[in-house]
Amino acid sequence: DVQLQASGGGLVQAGGSLRLSCAASGFTFDNYAIGWFRQAPGKEREGVSCISSTDGSTYSADSVKGRFTISSNNAKNTVYLQMNSLKPEGTAVYYCTAGAGYGCYFFGSGYYDMPYWGKGTLVTVSS
């Protein structure tokens with residue numbers, strides 16, 4: 001079974017940093033895309049960042065470019081989301097997702113979805 005375990009959320013002050021981790025089991029990163037969505041209370045889901053070994057594509061939302069970095073450690077089957085210069089509007093539940101054979105080019109579109117989802121991790125950014 002494919003399982004995704006997200007961790008690393010917490011409370012941080014605006015301007016601070018957090019690193020989220022997504023530990024995957026039941027598959028290897030070959031020919032997979034791993035992406036992070038977030039959902040804030042009362043707001044629509046947003047595709048934040050994505051990395052794909054299927055086609056080498058990556059994606060970062062305009063709202064996080066220059067501040068968030070996605071990376072993967074294939075040996076550990078783990079993907080990381082380094083979040084710097086966090087803003088209060090970054091408060092949300094962050095979800096790690098995966099899809100076999102997926103790319104990331106359309107990750108930010110409203111209709112993009114992934115078949116596998118982990119439980120979210122809450123990030124709270126205080127002002």
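Predicted, not measured: the structure shown is a model, and the values here were computed from it.
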pair Tyr80-Ser72: side-chain heavy atoms closer than 4.5 Å: no
is_close_aromatic(Phe37, Phe107), centroid dist under 6.0 Å: yes
Closest contact, heavy atoms only, Glu46 versus Ala61: OE2-CB, 3.9 Å
Atom of Met114, atom of Thr97 and distance for their closest heavy-atom approach: CG-OG1, 3.2 Å
CD1-OG distance between Ile51 and Ser57, expressed to the nearest 0.5 angstrom: 9.0 Å
Cluster link Tyr111 to Trp117, ILVMFWY, side chain under 4.5 Å: yes
In one Ile/Leu/Val/Met/Phe/Trp/Tyr side-chain cluster, 4.5 Å: Val48, Val93: no
Check: Asp1 side chain, Gly26 main-chain N or O, donor-acceptor pair, under 3.5 Å: no
Residue pair Thr58 / Cys104, side-chain heavy-atom distance below 4.5 Å: no
Check against side-chain contact (heavy atoms from CB on, under 4.5 Å), Tyr32 and Val79: CA-CA 12 Å; Tyr32 262 82; Val79 167; over 6 Å; no
Over 12 non-hydrogen atoms of neighbours within 6.0 angstrom of CD in Gln39: yes
Side chains of Arg38 and Val64 in contact at under 4.5 Å (non-hydrogen atoms): yes
Least distance between heavy atoms, Asp55 atom then Gly103 atom: OD2-CA, 3.5 Å
Greater than 12 external heavy atoms within 6.0 Å of Tyr116's OH: no
Gap separating the CD atom of Gln82 from the CG atom of Leu20, nearest 0.5 angstrom: 9.0 Å
Hydrophobic cluster membership, Leu11 vs Val125, 4.5 Å side-chain cutoff: no
Atom pair NZ (Lys65) and OG (Ser49), whose distance is rounded to the nearest 0.5 Å: 10.5 Å
Nearest heavy-atom neighbours spanning Thr78 and Ala23: OG1-CA, 4.0 Å
Atom pair CG (Asn77) and CG (Leu4), whose distance is rounded to the nearest 0.5 Å: 9.5 Å
Phe68 and Tyr94 aromatic ring geometry - parallel, tilted or perpendicular at 30°/60° bounds: tilted
Donor-acceptor pair between Asp30 and Ser53 side chains, under 3.5 angstrom: no
Mutual orientation of the aromatic rings belonging to Tyr102 and Tyr112 [parallel < 30°, tilted 30-60°, perpendicular > 60°]: perpendicular
Non-hydrogen side-chain atoms of Ser52 and Tyr105 separated by less than 4.5 Å: no
Heavy atoms of other groups near Gln3 CD, more than 12 under 6.0 Å: no
Ile70-Tyr95 co-clustered via ILVMFWY side chain contacts under 4.5 Å: no
Rounded distance [0.5 Å steps], CD in Glu89 versus NZ in Lys43: 7.0 Å
Heavy-atom pair of closest approach, residues Ala98 and Pro115: O-CD, 3.2 Å
Interatomic distance, Thr121 atom OG1 to Trp36 atom CH2 [nearest 0.5 angstrom]: 7.5 Å
Criterion side-chain contact (heavy atoms from CB on, under 4.5 Å) on Ser17 and Val12, from CA distance to verdict: CA-CA 7 Å; Ser17 298; Val12 64; over 6 Å; no
For Leu86 against Arg67, the heavy-atom pair lying closest together: CA-NH1, 3.9 Å
